[in-house]
Amino acid sequence: MTFDKSLLRTVLFAVGVVAVVIGIYQTILFNDLAANYWIFMVSMACWMPLLYWRQQERLAAKVAEQQAKLAQQARAKTPAKSAKKRR
C-alpha cells in the first residue's frame, strides 16, 4: 500500500476548514474568543503543512523553469555543424 499525499492534503484542508467554522460558531455563541483560541490553532496547525508544501512546489517549478531556460540557451549558443568542408 502506498502513501497518497493528495489524500493527506485533502484531509488536512477539511479538518482545518471544519475547525475554523466550529471556532467561529463557538466564538459567536459564547462571545469569548480566548476560550476558543485552541480551536483556531488546530486549524492553523492543519494549514501550515499545506502552505509549506505549496511553497516548495512553487520553488521546484521555478528552478525547473530556470534550468530549462538555461538548457535552451546553451543549445542556441552551440553552432550547428555544417556539411561544407572548410579550406
Side-chain angles (χ1 to χ4, degrees):
M1 185 171 178
T2 60
F3 180 73
D4 189 13
K5 193 172 182 178
S6 63
L7 178 63
L8 176 65
R9 288 179 179 209
T10 304
V11 169
L12 284 175
F13 181 75
V15 170
V17 169
V18 168
V20 165
V21 170
I22 291 172
I24 291 171
Y25 175 75
Q26 289 289 327
T27 302
I28 292 173
L29 185 67
F30 295 116
N31 198 21
D32 188 16
L33 179 64
N36 300 308
Y37 180 75
W38 68 274
I39 299 174
F40 293 107
M41 289 301 104
V42 167
S43 71
M44 288 305 297
C46 291
W47 285 339
M48 283 296 182
L50 296 175
L51 295 173
Y52 177 74
W53 291 331
R54 188 176 297 155
Q55 180 185 20
Q56 292 299 317
E57 286 175 353
R58 284 186 196 140
L59 182 64
K62 188 176 281 189
V63 167
E65 180 183 336
Q66 288 176 350
Q67 287 177 345
K69 186 182 260 186
L70 287 174
Q72 185 180 16
Q73 288 175 353
R75 271 187 265 132
K77 286 183 181 177
T78 346
K81 293 185 178 181
S82 74
K84 296 181 184 179
K85 287 190 176 183
R86 294 186 183 183
R87 294 184 184 195

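Given the structure is predicted, the values throughout are model-derived calculations rather than measurements.
- Among V17, I24, I22, the single residue meeting the side-chain contact (heavy atoms from CB on, under 4.5 Å) criterion with V20 is I24.
- Note on V11 and M41: separate hydrophobic clusters, where clusters join Ile, Leu, Val, Met, Phe, Trp and Tyr whose side-chain heavy atoms are under 4.5 Å apart, directly or indirectly.
- Rounded to the nearest 0.5 Å, atoms CG (N36) and CG (L33) are 7.0 Å apart.
- For D4, the CG atom is densely surrounded, since the number of other residues' heavy atoms within 6.0 Å is greater than 12.
- The hydrophobic clustering, which links ILVMFWY residues whose side-chain heavy atoms are closer than 4.5 Å, places V15 and V21 apart.
- In this structure, C46 and L12 approach most closely via the heavy-atom pair CB-O, 3.4 Å.
- Here the straight-line distance linking atom CD of E65 with atom CG of L70 works out to 11.0 Å at 0.5 Å rounding.
- I39 and A19 get closest at one heavy-atom pair: CG2-O, 3.0 Å.
- Note on Y37: it clusters hydrophobically with M48, by side-chain heavy-atom contacts below 4.5 Å among ILVMFWY residues.
- Listed by first then second residue, pairs satisfying salt bridge (Lys or Arg N to Asp or Glu O under 4.0 Å) with a partner in residues 18-40 number zero, not counting sequence neighbours.
- Here L29 is tied into one hydrophobic group with Y25, F30, each link being a pair of ILVMFWY side chains closer than 4.5 Å.
- Residue pairs satisfying the side-chain hydrogen bond (donor to acceptor under 3.5 Å, both in side chains) criterion with at least one member in residues 49-64, sequence neighbours excluded, are listed as follows: R9-E57.
- Atoms CZ and OG, on F13 and S43 in that order, are 11.0 Å from each other to the nearest 0.5 Å.
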